[in-house]
Amino acid sequence: MSDYNPKFIEQKWQRRWTDQRVFEVREEPGRPKYYCLVMFAYPSGHAHVGHVRNYMIGDVIARMKRMRGFNVLHPFGWDAFGLPAENAAIKHKSHPEIWTRENIAHMKGQLQRLGISYAWDRELATCDASYYKWNQWLFLKMFERDIAYRRRSTVNWCPGCSTVLANEQVVEGGCWRCGSVVEPRDLEQWFLRITQYADALLDGIGGLDEWPDKVLTMQRNWIGRSEGARVRFSVDVGDEGAESIDIEVFTTRIDTICGATFVMLAPEHPLVDRFADEASDAAAFLKRVQQFRSQDRTDRLTGAVEKEGFDTGRTAINPFTGQSVPVWIANFVLAEYGTGAVMAVPAHDQRDFEFARKYQLPVEVVIQPETGVEMIPLDGASMEEAYAGPGRLVNSGEFTGRSTEGAAAFMALAAESKGVGRPEVQFRLKDWGISRQRYWGTPIPIIHCDTCGQQPVPYEDLPVELPAVDEFTGRGDSPLAQIPEFVNTSCPSCQGPARRETDTMDTFVDSSWYFYRYCDADNETQPFDPDRVDYWTPVDFYIGGVEHAILHLIYSRFFCKVFKDLGQISHDEPFTRLLTQGMVLRDGAVMSKSKGNVVDPDEMIGRYGADALRLYETFVAPPEKELEWTDAGLEGSYRFLTRVWRLVTAVCPVVDQVSRPDLATLRLDDDHRALRRKTHQSIRRVSADLDPRVHLNTAVSALMELVNELYLFCDQHNLAPRSVNRAEEFGTVVAVQTRAVLAEAVDTLVLMLAPFTPHLSEELWEQLGHPGGVITADWPECDPIVAKDDALVVPVQVNGKLRARLPVASDVSDEDLRATALAEPSVQLHTKGKEIVRVVVVKRKLVNVVTA
RNA sequence: GCCGAGGUGGCGAAACUGGCAGACGCACAGGACUUAAAAUCCUGUGGUCCUAUGGACCGUGCGGGUUCGAUCCCCGCCCUCGGCACCA
């Protein structure tokens, strides 16, 4: 018996799997498919044990499904574009591609040493022109359908680096690299019209019943659907006959409109400049507006600045009351939400209330609560906070007396028939700005021509490849804009001189459809063959970090709907089931290079082997929970594997190498039957824990119990491994029954361990004399008759407190159970002198004796 | 503030449909083996108490409730984590 040597067996089997290409798959119509997907990786350099937890969970599921007869697609690839590569290039005076390819090579090696069963033949990297070509193709399709469009918008500009920063790169208002204060700057930007799908994305959430609630809630909030009304307030223009001006407001509480005592505009509202021009002291007016506009953007968005405003001196007509109300400018009104203007109802909105009190504006109560402890009517002069709850309308003209229930919808329609407004739905979701003034991304395939305007690059000219660049300085505009050979081109329409678009796409574009590309990764004529994608998709199981709950998972759902509209796919949602795995912590903190608490998988593989690492990360906590890393825990998992190794290798000479005795024909003793029962109960438990529950940790527990049971069994039968030296001595004379049940148990153990510890299982499976790898073996079947307990232990309670445990036959009748329980001495002791009013008997499960 | 998830031994956790709380592992303690140690194997391990090979009581964040019976369901509160947050 040799020692467990993970290094040797892991290399042996990894080589064999690769040579035999066992994880490569093709469509097999008629065979059930299973698409198991883990979020692809950003090639940042080195994967740590936190990153790879995700991959291990996916691998357990993929391997288990494979053994259960599914045609399993389990691919991997690289989210290879993005800023860190460009920054590394600037720092090392190198090229982003060099850094990226090196990192991919290193990380791929790390994953391969973990023995993950990827179909590497489908590997893709988004920085491959063969991939991003299809980003461009899709962009053009979207451009044709007006889903992709260009408009001016405000971006973060770093004056120190003379470049645009992504929102994530602005740290507390400053540039993450040089610390300069970031300025807003207006630029022409490309957008994808995701808002066109806002309702579809929201409605689709209802069908995602195998996604975590947490993620669905986050998506709902992110989309932020809000039903209300758009209402027009006409501004007093003074002179009769002067052109009228309207302020449109969006409100969800049009039922309170009769209490609207003023109107507020965002400082960026288009009317503000005009009002300033027309003001008596235009300069002072404008100065105050500028003050608001220059307030820190994020502070304004998060409400960190104090609510302030000033009177424009203008008035507008409340279309429901006909009253003239002042128009104010307020710093907390957001230009980018709704219409950039709101009606203020101080009595029924807390923000408006505070604002009104601060500037002594009138507070007009139009809703009176109908329930509540104190039924004192609200009074605008004395109330101390706004009342936003339900009630009955007062001082609301023809609407007075209505309940707030349904009033908003009714009054929105009333506004429409009056011609002063209409019902409207607003979304928090914004169109997706995809322009990046960066090099290391997909070039946007558009040509700007002075005579023809924006022209799409013809499909046959795709891909627009990234041009070679000698040195990355990080200075100046978009790197592509500095390359005349790239920029200068001819117009595809008029052949005149024209300029290429120099923005590249947000990398979230790359990751929004990579899972379709896996299905047909080397297609050169289209993004993918719809038939091949139709076979594999939707993704059955998707595993990744919860940090992608919003962006990536909404963008992918959006792309899915676009692809469907393009006729490329047939399903509505890309991911049937989603699991968000917990992070791996060390010393209570998320692993990160900067904290210096990362654990390198290679180091752990070197010490304990990949199988121990895989087992540890799947056993120690449920997949969706955080995992606190401990070296001792990993060592425990390693110990378990050595225990399995000793057990199986010691039992090998005992169990028949060539054929297994037929259990059906053998008469078994009680202890043989007990081991079989444990074996089959373990099959039932592990199978259910893995699928559909994905409770990997309890599945491992069940396997540990089976091993413990096997050790006890071997001890009772004077067998290895406990009585090591006696193994050889008695090995050949072991009773056939013992050999048979042992063989079954050990085979089962090795099979069910295979998803977790594939190398160890392969090696032991081979040593047990089985031809063909464990990968191609079938998952064991539970025989319910064998698994059935033939004796039960039924707990007996008196008044809900456990007083006895009764060993009874498994087919015991309720009457017998009741009688046996009542006869039990401890039950009699606790019921002595009391009247028994009831005896609850739960069939085969429990007896509860209730006394008066 | 709103929404979501959670709170169980010294620690990670388990308990699937309201039915024996703490499976499995870590740590710790005792024992076997050994010249010794490591490794391995075995045993024990929620708390308090007692007349102690047995037994009593308490125990799943806190307080109530429903129920024969509650970690699980209901009401109120506390705490932790995550998300959203001046969205009109």
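Set against B/A88, B/A85, B/G83, the side chain of A/Y337 has B/A88 as its closest nucleotide. When distances are taken from the side chain of A/L334 to each of B/A5, B/A88, B/G83, the shortest belongs to B/A88. Side-chain atoms of A/H695 lie closest to B/A15 of the nucleotides B/G19, B/A88, B/A15. With distances taken from any side-chain atom of A/T252 to the nucleotides B/A88, B/A5, B/G83, the minimum falls on B/A88.
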**Request:** Walk me through it: do A/F332 and A/F355 pass the test ring pair (Phe, Tyr, Trp, His ring centres under 6.0 Å)?
**Result:** CA-CA 10 Å; A/F332 67 94; A/F355 195 85; 5.7 Å; yes
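If you check every strand for non-hydrogen atoms under 4.0 Å, A/H830 touches sugar and phosphate atoms only. Within the 4.0 angstrom heavy-atom criterion, base atoms lie near A/V793. Within the nucleic acid shown, A/P622 comes within 4.0 Å of sugar-phosphate atoms alone, with no base atom in reach, counting heavy atoms only. Residue contacts shown for A/V850 are limited to sugar-phosphate atoms, with no base heavy atom under 4.0 Å away.
To the nearest angstrom, C1' of B/C81 lies 11 Å from CE of A/M583. Atom P of nucleotide B/A13 and atom CD of A/E624 are separated by 11 Å, given to the nearest angstrom. When rounded to the nearest whole Å, the span between CD1 of A/I550 and C1' of B/G83 equals 7 Å. One atom, NZ of A/K845, and another, P of B/G69, lie 18 Å apart when rounded to the nearest Å.
Residue A/R428 holds its CZ atom at 8.0 Å from CG of A/N221, rounded to the nearest 0.5 Å. To the nearest 0.5 Å, atom CG of residue A/N799 and atom CG of residue A/N848 are 7.0 Å apart. Put simply, CD on A/Q291 and CD on A/E308 are 7.5 Å apart, with the number rounded to the nearest 0.5 Å.
Between A/Y616 and A/W629, the ring center distance clears the sub-6.0 Å criterion.
Considering only side-chain N and O atoms, A/R803 lies under 4.0 angstrom from the phosphate OP1 or OP2 of B/A56. Listed pair A/K625 / B/A13 meets the phosphate criterion, a side-chain N or O lying under 4.0 Å from OP1 or OP2.
A donor-acceptor contact under 3.5 Å links the side chain of A/N848 to the base of B/C68.
With pairs defined as Watson-Crick or G-U wobble and both atom distances under 3.5 Å, the stems of at least three pairs that touch RNA chain B come out as B:1-7 with B:78-84, B:10-12 with B:24-26, B:28-32 with B:40-44, B:46-50 with B:54-58, B:61-65 with B:73-77.
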Report all interatomic pairs (protein N or O, nucleotide N or O of nucleotides 45-50 of chain B) with separations under 3.5 Å.
none

Would you list the protein and nucleotides 58-67 of chain B atom pairs, both N or O, that sit under 3.5 Å from each other?
| residue | atom | partner | partner atom | Å |
| --- | --- | --- | --- | --- |
| B/C58 | OP2 | A/K801 | NZ | 3.2 |

Under 3.5 Å, side-chain donor or acceptor atoms of residues 544-555 of chain A against the rest of the protein: list the pairs with distances, not counting sequence neighbours.
| residue | atom | partner | partner atom | Å |
| --- | --- | --- | --- | --- |
| A/H552 | ND1 | A/S511 | O | 3.4 |
| A/H552 | ND1 | A/S556 | OG | 3.4 |
| A/H552 | NE2 | A/Y542 | OH | 2.7 |

**Request:** Determine, for nucleotides 21-33 of chain B in 5'-to-3' order, which nucleotides have protein heavy atoms under 4.0 Å from the base (write B), from only the sugar-phosphate (write S), or from neither (write -).
**Result:** --BBSSS------
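For A/E424, the salt bridge (charged side-chain N to carboxylate O under 4.0 Å, His left out) test picks out A/R230, A/R422, with sequence neighbours left out.
Of the two residues near RNA chain B, A/V794 and A/R693, the one whose nearest nucleotide lies more 5' is A/R693.
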